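Predicted model, so just to flag it, every value in this text is computed and none were measured. Below, read A as the first sequence line, B as the second, and so on, with proteins coming before strands; counting in each chain starts at 1.
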There are 2 protein chains.
Amino acid sequence: MSNKAAPFDELDRKIVAALIANARASFAEIGAAIGLSATAVKRRVDRMRENEVITGFTATVRPAALGWRTEAYVEVYCEGAAPPRRLAEVVRNHPEITAAMTVTGGADALLHVRATDVEHFEEVLERIRAEPFIRKTMSYLVLSHLLPDSAEAGAREPAPEGLGESAADLR
Amino acid sequence: MSNKAAPFDELDRKIVAALIANARASFAEIGAAIGLSATAVKRRVDRMRENEVITGFTATVRPAALGWRTEAYVEVYCEGAAPPRRLAEVVRNHPEITAAMTVTGGADALLHVRATDVEHFEEVLERIRAEPFIRKTMSYLVLSHLLPDSAEAGAREPAPEGLGESAADLR
DNA sequence: CTTGAAAAGAATGATAA
DNA sequence: TTATCATTCTTTTCAAG
């Protein structure tokens with residue numbers, strides 16, 4: 001009664017860390033770094049994609065380079081009970097919302113918003129506030145980042161978990 | 001007096017969108033989709049990496065699969081004037097902080113924190129609050145996501161910008 | 001589970017338009 | 001800027017330890 005199906009070992013962790021650091025690294029390269037053949041690495045990656053431990057591979061861009069120079073978090077307060085189903089619909093209507101979640105605390109939801117500039121952000125905010133059951137919003141404009149952006153990068157240390165699973169540091 | 005050095009055209013935008021959607025796509029594949037040879041695509045990608053329009057390629061993981069089941073945003077209030085330099089130092093001391101920025105509003109900074117569970121989160125919070133000049137924190141635990149995670153993925157429409165540059169939708 | 005060989009496909013650099 | 005071609009490297013499948 002120990003590990004069920006070798007869900008995630010040290011080698012997997014290192015592979016994930018390598019792919020987070022560089023999603024275009026070759027399997028041979030990763031294998032060389034951790035002492036495995038390219039084939040072995042590929043099979044583990046395939047398995048982790050299957051299990052949705054790895055959900056995809058993406059390019060990280062510098063939003064300012066694409067013209068997105070304004071970033072904000074917006075707390076949303078709704079009329080009465082806010083059904084998350086309905087909130088999700090609203091959120092999808094505004095492409096400038098890049099992340100949205102329900103949270104504890106006074107607000108019903110927290111949105112991450114990107115806009116080209118402050119004028120654009122104001123326009124987005126007005127659009128959001130015009131949605132039927134949004135009662136109030138409260139915005140935090142992002143001034144400067146204190147960490148290298150890191151779209152959640154850099155698996156590091158294992159953290160103990162239930163039984164035999166392990167976790168890796170994000171960032 | 002129009003475009004200086006072809007900084008970012010429609011083809012570049014499509015390439016970025018393709019790489020955000022799948023960072024492991026081959027240059028030939030991307031080229032076929034947008035009517036360019038693999039070599040031409042590669043050269044444009046090289047240039048965008050050079051310009052740091054594209055800053056890297058990363059794997060997206062499902063944090064819960066790695067044991068990170070608790071997520072929160074934490075507002076930080078400091079004693080007196082909070083020097084961002086000093087704040088950045090503090091932030092780097094806690095690997096559970098995956099993003100941190102200074103913001104407008106009452107708080108001095110907003111942190112994104114990942115922990116394995118609520119107990120771990122409490123421990124992180126205590127560690128942060130024990131830092132010299134942190135006066136107060138206010139936490140928003142994330143309950144559920146309203147959008148598919150998207151580590152800032154999916155460039156879509158061009159948005160007008162200064163003169164002749166273009167921007168792409170994130171998400 | 002692993003490795004290693006072999007065919008198919010991709011990356012890269014030179015050449016030329 | 002672009003495409004084509006040749007070389008090298010990588011991915012992927014397969015047989016087998």
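- Remark: T39(B) pairs with S37(B) by the side chain to side chain contact (heavy atoms under 4.5 Å, CB included) rule, at least two apart or across chains.
- For the pair I30(A) CD1 and dT10(D) P, the computed distance is 12 Å after rounding to whole Å.
- Look at CD on E29(B): it is 15 Å from C1' on dA8(C), rounded to the nearest Å.
- Qualifying ring-ring contact (aromatic ring centres under 6.0 Å, His included) partners for Y73(B), counting only residues two or more places apart in sequence or in other chains: Y73(A), H112(B).
- Distance CD1 (I15(A)) to P (dC1(C)): 12 Å, rounded to an integer number of Å.
- When the side chain to side chain contact (heavy atoms under 4.5 Å, CB included) test is applied to D46(B), the partners found at least two apart in sequence or on another chain are K42(B).
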Look for any protein N or O under 3.5 Å of an N or O in nucleotides 12-17 of chain D and output each such pair with its distance, or none.
none

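- A salt bridge links E71(A) with R114(A): the distance from a Lys NZ or Arg NE/NH1/NH2 to an Asp or Glu carboxylate oxygen falls below 4.0 Å.
- The separation between L36(B) atom CG and dA11(C) atom P is 14 Å, rounded to whole Å.
- Spacing between atom CZ of R47(B) and atom C1' of dT12(C) amounts to 18 Å, rounded to whole angstrom units.
- In this structure, the side chain to side chain contact (heavy atoms under 4.5 Å, CB included) partners of R86(A), at least two apart in sequence or on a different chain, are P83(A), E89(A), V90(A), P132(A), F133(A).
- Between A25(A) and L11(B), the one whose closest nucleotide on DNA chain D sits nearer the 5' end is L11(B).
- When the salt bridge (Lys or Arg N to Asp or Glu O under 4.0 Å) test is applied to E75(B), no partner is found at least two apart in sequence or on another chain.
- At whole-Å resolution of the value, CZ in R44(B) and P in dT12(C) are 17 Å apart.
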